[in-house]
Number of protein chains: 2
Amino acid sequence: MNLKPTDLFAALANDTRLRCLVLLREQGELCVCELTHATGSAQPHVSRHLAQLRELGLVADRRAGLWVYYRVHPALPDWACRVLDETAAAVHGQAPFSSDAANLASMPGRPSAPRCA
Amino acid sequence: MNLKPTDLFAALANDTRLRCLVLLREQGELCVCELTHATGSAQPHVSRHLAQLRELGLVADRRAGLWVYYRVHPALPDWACRVLDETAAAVHGQAPFSSDAANLASMPGRPSAPRCA
DNA sequence: TACAAATATACCGAAAACCATATATTAAAG
DNA sequence: CTTTAATATATGGTTTTCGGTATATTTGTA
């Protein structure tokens with residue numbers, strides 16, 4: 001994967017995309033409805049930004065029945081991984097990132113389908 | 001300085017700005033004409049992008065006679081510094097970053113005014 | 001086959017980013 | 001005080017991005 005720095009940074013320059021990536025990084029795998037609930041955004045909004053991340057190769061997706069699970073792409077270049085790490089550390093405990101994690105944890109009908117089929 | 005992640009990433013998402021920052025990071029201090037020559041861009045183009053970086057607090061400037069020297073802002077948050085470090089390492093030896101450094105080194109009338117008055 | 005849930009895409013107008021060019025500002029020198 | 005070099009800003013137009021809403025697709029189930 002040949003990821004241009006400016007392309008990575010453009011992807012990280014949007015709140016929704018950055019919040020999703022930070023969530024995925026610490027949670028491993030999340031489906032669209034979980035990300036939608038965590039961020040409090042509309043479903044098409046989240047879905048479209050996930051599609052952008054997917055087209056750039058930043059995330060990978062896996063369908064399991066009705067749900068599509070997203071994760072940080074396992075082949076993400078090391079330097080990009082470290083950029084994400086630094087960012088996650090920098091925003092740790094800060095809004096809106098902290099409330100995203102809290103919303104996720106308290107999600108009522110969180111799908112319990114197999115995560116690693 | 002309270003630097004929002006998305007603001008930093010938006011700044012890094014432009015070729016001219018990223019190339020200037022990478023140059024400033026490894027050179028310490030450069031004036032506008034040096035950055036203009038190194039990147040091969042038009043002077044107003046470089047100047048405007050430097051102004052954006054300045055307004056965001058990513059660079060500091062110092063006037064010395066006719067020249068204005070820019071540097072990575074000394075109060076840049078650690079995490080942002082590390083993001084820049086990772087990026088610089090990732091692009092090391094790659095175009096157009098490598099040619100920028102080469103262009104700078106071979107600049108004919110490079111101003112020799114005091115850099116640390 | 002019909003229906004419902006989860007997700008994806010299409011469409012649209014508003015806002016922002018971008019670049020090239022022209023012009024203004026600042027400071028040194030004569 | 002005029003000129004020149006370095007830098008900054010303004011202007012206009014094109015392109016991109018963004019968010020909201022409507023709609024389409026996919027999959028499981030009755």
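The figures here come from the full heavy-atom set of this structure, side chains too, leaving out hydrogens, waters and symmetry mates. Just so it is clear: chains get the letters A, B, ... in the order the sequence lines come, proteins before strands, and each one is counted from 1.
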*Would you please confirm or rule out a distance under 4.0 Å between OP1 or OP2 of dG19(D) and any side-chain N or O of H49(A)?*
yes

_So, does R17(B) get its side chain near the phosphate of dC18(C), meaning an N or O under 4.0 Å from OP1 or OP2?_
yes

_Taking the minimum atom-to-atom distance to the side chain of C31(B), which one of dA6(C), dG19(D), dT7(D) wins?_
dT7(D)

*Quick one: which of dC18(C), dG19(D), dT9(C) gets closest to the side chain of N14(A)?*
dG19(D)

*Does a nitrogen or oxygen in the side chain of Y70(A) sit under 4.0 Å from OP1 or OP2 of dA8(C)?*
yes

*asked:* Using modelled atom types and a 3.5 Å cut-off, is there a donor and acceptor pairing between side-chain atoms of R17(A) and backbone atoms of A10(A)?
replied: yes

*Please, which pairs that meet side-chain hydrogen bond (donor to acceptor under 3.5 Å, both in side chains) have at least one residue in residues 88-101 of chain A, sequence neighbours excluded?*
R19(A)-D100(A)

*asked:* Quick check for you: among dT7(D), dT21(C), dG20(D), whose closest atom lies nearest to any side-chain atom of P44(B)?
replied: dT21(C)

*To the side chain of S47(B), which of dT7(C), dT9(D), dA10(C) is closest?*
dT9(D)

*Nearest to side-chain heavy atoms of R54(B), which nucleotide of dC19(C), dG20(D), dA8(D)*: dA8(D)

*Looking at every strand, decide which applies to R63(A) at a 4.0 Å heavy-atom threshold: base, sugar-phosphate, or nothing.*
sugar-phosphate

*asked:* Determine whether a donor-acceptor pair (one donor, one acceptor, N or O, separation below 3.5 Å) exists between the side chain of Q43(A) and the base of dA8(C).
replied: yes

*Note down the inter-axis angle between the two ends of the helix from dT1(C)-dA30(D) to dG30(C)-dC1(D), five pairs each, to the nearest 10°.*
10°

*Mind checking whether L56(B) and L8(B) sit in one hydrophobic cluster, side chains of I, L, V, M, F, W, Y counted as touching below 4.5 Å?*
yes

